[in-house]
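Okay, structure first, notes after.
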Amino acid sequence: MLGYPPDSHLLRDLQLSFDHVDDGPSRAWMPIVPEICGDDGTVRIGALTTLVDVVGGGLAARAAHPNWIATADLTVHLFAPARAGRVEALARTVRAGRTTVVLEVDLRDDERDVGVATMSFSALPRRDSNPDIAVAMQPGPTTMADAASRIAAPLCDLAGIEIVDAAAGVVELPVLDWAKNSMGALQGGVVGLVVEMATEAAARAATGRSLAVTDIQCSYLAFGKVGPLRTRTDVLACDDGHVVTRVELIDDGAESRRMTVARAVATESLR
Amino acid sequence: MTVPANMGTDILRFARIEMREVDEFRVEGRVEAVEHLRGANGAVRAGALLTILDSAGGLCGGLASLPDGWVVSTNMSVRTCSLEPTGPLRVESLLLRKGRNNVVTTVTISDHVTGRAVLDGVLTSAILVPENGPPVWERPMHIRYPDDIASLSMDQWLAARLVDDRTIETDLRDALRNPWGILHGGVTAALVDAAVEHATAGAAVTDVVLHFIAPNRLGPVRARATLLGRRSDGTVVRVEVRDEGADRVTAVAIATAVPAEDL
């Protein structure tokens, strides 16, 4: 995929900006706009997983250079709502080995710390189609946004996520060019958004309350390149203010291949 | 692979887990005796559940890695589903993915009587080639340890000392090592649980993401908890594990814990 990301792309429209330091941590920022927030007015955890995946992916790619990387797992735990100004993600390398890179990412908005993320990546042989990280990540401030970049509708709508069966936590989406990663598959952070939407639908149906997702653990098993993609959701625990789910994301167009296994928690706790 | 005396086997004795290879890429287990694994609220402690997960997921991943090699845990992400007391436990591990360098297994633990979910998690392990070659097992594999030692509570088993109000440590005695000769991943997970409980005045861990960074070879092994934030359903905590003898960080974890007063 040459020229990644293309002109019309999630990573441009989120107006992400970055600041990389050679051999140091990476920072990224995402402006908080209503379209990336849930109905409680706080940033969706699925938008945060996208921010985390991008800043973490860049840092891990530098750590694995000249090889390329694929996200193996991503977790986010929130302890405060993000709603003021912009979200900052500070990513630092915990381990950079021959086959694996592990990162931690601190999340804060303009007022306070809001959460923490972890990621691990598998190192892969670099392909010609992968971005050259030495060129793509010059030290200093950068952005993928251009003058026309903006989130013009709710993030889940732009990603094409459709609630098929709320009570069963079944959501479906196509693999849009707008949301692909540099390998031509659904971006790993957007997978977090899909898990969020499936859990939110199931949790609200199960409790009749307006719960929001606060924790996500995603294990990535295979790329989702064909679509449509569809979730299977099991509610593992449920009380009035707290729901735990297990969500599998299946690529229906690729012989129903299992892409991701995730667990999520929905609560009322951040309001 | 030569297994040093007791290394690995004492972990399974502590947890009292019987495991059986059911079919290709699937391991089932049972834990009949759970009284010694319970915490203050009567539920089986997260640390014990994580030890069971590491053992079952590691066995499933290891069998899937044969004949190329055997496995060592690299990370686990786990969610407990119930803080209610449970009876005997049923354990199931399935292979999710086998790559060239690692295997991913899912582990579910449920109440054997009610069928209610107790824990759901994923264990990722690296495939390594032991110095003397991969282990040779009689297949299908069946591990059942005789009830020949006294049941130890998790605190007795870990024998952890309090270092300060956020830190605990334990010596790396042979009974806590795995067949590779390093601290068993389940012990590291149990230390994380114990450190969180200590730093939060008895909160019960419900959620753990644990990344193994380097092996613990020398000890003492120290786990230090830092409170990151509070929300109505619990406290989010970061735990750093260090091999003090080797002067290095060996694991990092993010955990969520329910306050003792809410149990």
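What you see is a predicted model, and the numbers here were worked out from it, not measured in a lab.
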Chain B interface, residue from Val265(A), Leu221(A), Val244(A) that has the most non-hydrogen pairs under 4.5 Å: Leu221(A)

Do you know which of Ala72(A), Ser120(A), Gly115(A) has the most heavy-atom pairs under 4.5 Å to chain B? Ser120(A)

Check: Lys225(A) main-chain N/O paired with Asp251(A) side-chain donor or acceptor under 3.5 Å: yes

Under 4.5 Å from any heavy atom of chain A, what part of Arg116(B) do you find: side chain, backbone, both or neither? neither

Applying a strict 4.5 Å limit to non-hydrogen atoms, the region of Asp234(A) in contact with chain B is neither

Is Val114(A) close to chain B through its backbone or its side chain, or both, or neither, when contacts mean heavy atoms under 4.5 Å? neither

Counting only heavy atoms not in Glu131(B), do more than 12 fall under 6.0 Å of its CD? no

Give, as side chain, backbone, both or neither, the part of Thr235(B) having an atom under 4.5 angstrom from any heavy atom of chain A. neither

Partners of Arg222(B) by salt bridge (Lys or Arg N to Asp or Glu O under 4.0 Å), sequence neighbours excluded? Glu169(B)

Over all atoms of both residues, closest heavy-atom pair of Leu123(B) and Ser73(B): CD1-OG, 3.8 Å

Can you see which heavy atom on Ser77(B) is nearest to which on Ser219(A), and at what distance? OG-OG, 4.2 Å

Check Leu59(A) against Gly24(A) and note the closest heavy-atom contact, atom names and distance. CD1-O, 3.6 Å

Please determine, among Asp207(B), Val252(B), Thr124(B), the option with the most heavy-atom pairs under 4.5 Å with chain A. Asp207(B)

Mind ranking Thr74(B), Thr80(B), Asn75(B) by heavy-atom pairs under 4.5 Å with chain A and telling me who comes out on top? Asn75(B)

Considering all heavy atoms of both residues, which atom of Arg83(A) and which atom of Ile32(A) are nearest to each other, and what is their separation? C-CD1, 3.6 Å

The interface call for Val78(B) against chain A, heavy-atom contacts under 4.5 Å, is backbone

Name the member of Gly121(B), Gly234(B), Ala117(B) that forms the most heavy-atom pairs with chain A at distances under 4.5 Å. Gly121(B)

Where Ala198(A) and Thr231(A) come nearest, the two heavy atoms and their spacing: CB-OG1, 3.8 Å

Might you point out which heavy atoms bring Ala70(A) and Leu124(A) nearest each other, and give the distance in Å? CB-CD1, 3.6 Å

If one checks every heavy atom of Arg79(B) against chain A at 4.5 Å, the contacting part turns out to be both

Arg90(B): side-chain contact (heavy atoms from CB on, under 4.5 Å) partners, not counting sequence neighbours: Glu28(B), Glu92(B), Ser110(B), His112(B)

Please classify the contact between Thr256(B) and chain A as side chain, backbone, both or neither, with a heavy-atom cut-off of under 4.5 Å. side chain

Greatest number of heavy atom pairs closer than 4.5 Å to chain A - which of Val209(B), Asp120(B), Asn101(B): Asp120(B)

At a heavy-atom separation under 4.5 Å, does Val122(B) approach chain A through its side chain, its backbone, both, or neither? both

Quick check on Val94(A) against chain B: is it the side chain, the backbone, both or neither that has a heavy atom closer than 4.5 Å? both

Chain B heavy atoms under 4.5 Å from Thr100(A): which part of the residue, side chain, backbone, both or neither? neither

